[in-house]
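Below is one structure, written out as structure tokens; the observations come after it.
Excluded from the calculations below are hydrogen atoms, water molecules and symmetry mates; all remaining heavy atoms, backbone and side chain alike, are included. Counting starts at 1 for both ligands and their atoms, following the listed order.
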Amino acid sequence: MTPLNWQKSRFQNIFNMNKKAIASLSLDLDNQWSYMKIHGDEGWDQYPSYFDIFIPHILNVLDELDLKITFFIVGKDTESEDNRKYLRMITKRGHEVGNHSYHHESWLQTYSYEKIENEIINAEKAILDATGQKPIGFRGPGFSWSKDLLRVLESRGYKYDASTLPTFLGPLARAYYFAKSDLSKEEKRARKELFGKFSEGFRKLKPYKWALGEGKTILEIPVTTMPVFKSPFHLSYLIFISGFSMLLMKAYLNFSLFMCKLTKTSPSFLLHPLDLISGDKVPQLAFFPGMNLPTEKKIEVFKYTLNQIKKDFEVLPMLNFADGLIRQKSNIKVVRLGEN
Ligand SMILES: [Zn+2]
């Protein structure tokens, strides 16, 4: 077989798979106060919420697309009776809930083992109490994670961690964020590892198992960035690009998905509330970057994106995705902590 023919048959094999590969879809349910807190705005400590607007809105959009996803919930948000009413809707409509920490502080990696343990346990209990479902998956706020975090999750019987974002662009995203915020020097120092270090880009893209010693492991499901180039393509980035050109956004998404197929990477796709709602519905956050784009336009980008992903992948909540990965276990590498 000539090299060209070999390439051709390899391509055909990839595209003619009769069974679709799997993908996962999740949303970090960051509330109005957590955006205000990261941004350094006064009044965040009154914990203002937009769940009454956002949750019914997103649940309807997901129904329209016939999708079940994972909502990563912050423990603190379960304290208000009003929020609980909306959080309950998530599980009632058949979605999975995951743990997104109790206080949503993006510097979990600086916490002691005991402090992380409290954070995880308190959030877990609060989410179970509010939604009727015990979370068994975790995503760190602002992609923060540590070895102790993984050990706590394993000891609590968690099935997966989803806190890593393998990209070289973390420091750039942080610089952009700081430039747009009103944070003091001290607050910036506390947030100095927000969105991760440059070295995060060297981490694996395909799901793998962390070996934690004594035969213990935990499945890691990284947020997928573009294979090889490691540039993020989750919805926030697509919305940002669509602000310049819809055509460019489509090309970027489709190339990213092409790279996923080529490298046999099962994508784990990430959403945030502000990717799906705008200043026209939540005027309190109108001053945030990207909030001047109408909600309708954001939903159009979301629907286009999901329809493109669905062409080649079966889209699942994280837990079903994790189960699917474990079933094909030969594909999962084991990585020792500190090795990756
Ligand atoms: Zn978050």
Side-chain angles (χ1 to χ4, degrees), residues 24-41 44-45 47-51 54-55 58 69-79 83 86-87 90 95-111 116 119-120 122-124 126-127 130-131 135 137-146 149 153 158 160-165 167 170 173-174 176-178 180-181 183 187 190-196 200 221-225 232 234-237 239-240 268-277 282 284-285 288-291 317-318:
S24 62
L25 184 59
S26 61
L27 181 137
D28 292 358
L29 190 57
D30 301 332
N31 206 344
Q32 185 179 331
W33 63 267
S34 67
Y35 283 101
M36 293 169 69
K37 183 178 176 181
I38 299 179
H39 199 245
D41 297 330
W44 71 265
D45 50 355
Y47 297 97
S49 173
Y50 52 42
F51 283 2
F54 178 70
I55 293 180
I58 179 67
I69 73 163
T70 304
F71 286 79
F72 286 98
I73 295 173
V74 175
K76 186 76 192 168
D77 280 318
T78 65
E79 289 177 15
N83 280 346
Y86 294 100
L87 290 172
I90 295 172
H95 299 281
E96 183 199 355
V97 292
N99 186 334
H100 195 35
S101 81
Y102 199 90
H103 292 97
H104 201 270
E105 295 196 319
S106 308
W107 42 96
L108 275 189
Q109 67 276 22
T110 63
Y111 283 18
I116 290 186
E119 188 73 19
I120 302 294
N122 291 340
E124 188 184 297
I127 295 164
T131 67
F138 180 84
R139 175 168 293 131
F143 310 109
S144 57
W145 67 278
S146 68
L149 166 75
L153 295 177
Y158 275 62
Y160 64 91
D161 172 69
S163 306
T164 57
L165 174 74
T167 182
R174 180 169 58 241
Y176 177 77
Y177 207 93
F178 281 178
K180 296 263 176 187
S181 77
L183 296 168
E187 287 168 320
R191 290 156 176 74
K192 71 178 190 309
E193 284 186 18
L194 185 70
F195 304 133
E200 286 298 309
I221 305 177
V223 173
T224 308
T225 52
H234 52 270
L235 197 57
S236 307
Y237 282 81
I239 297 283
F240 181 72
S268 179
F269 196 76
L270 166 66
L271 316 169
H272 287 102
L274 300 195
D275 304 338
L276 298 149
I277 204 161
V282 200
Q284 309 89 297
L285 290 176
F288 265 77
M291 288 302 273
M318 301 289 284

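- Shortest non-hydrogen contact noted between His234 and Phe269 is CA-CE1, 3.8 Å.
- Asp28 places no side-chain N or O within 3.5 Å of a backbone atom of Asp30 that could act as its donor or acceptor partner.
- Taking CG of Leu27 as the reference point, atom CG of Asp275 lies at 8.0 Å (rounded to 0.5 Å).
- Of the possible polar contacts, none joining the Ser268 side chain to the Thr224 backbone as a donor-acceptor pair under 3.5 Å is found.
- Distances from the Zn ion (ligand 1) show that Asp30 has an N/O/S atom below 2.8 Å.
- Among the atoms of His104, an N, O or S atom falls under 2.8 Å from the Zn ion (ligand 1).
- Closest approach between the Zn ion (ligand 1) and any N/O/S atom of His100 involves NE2.
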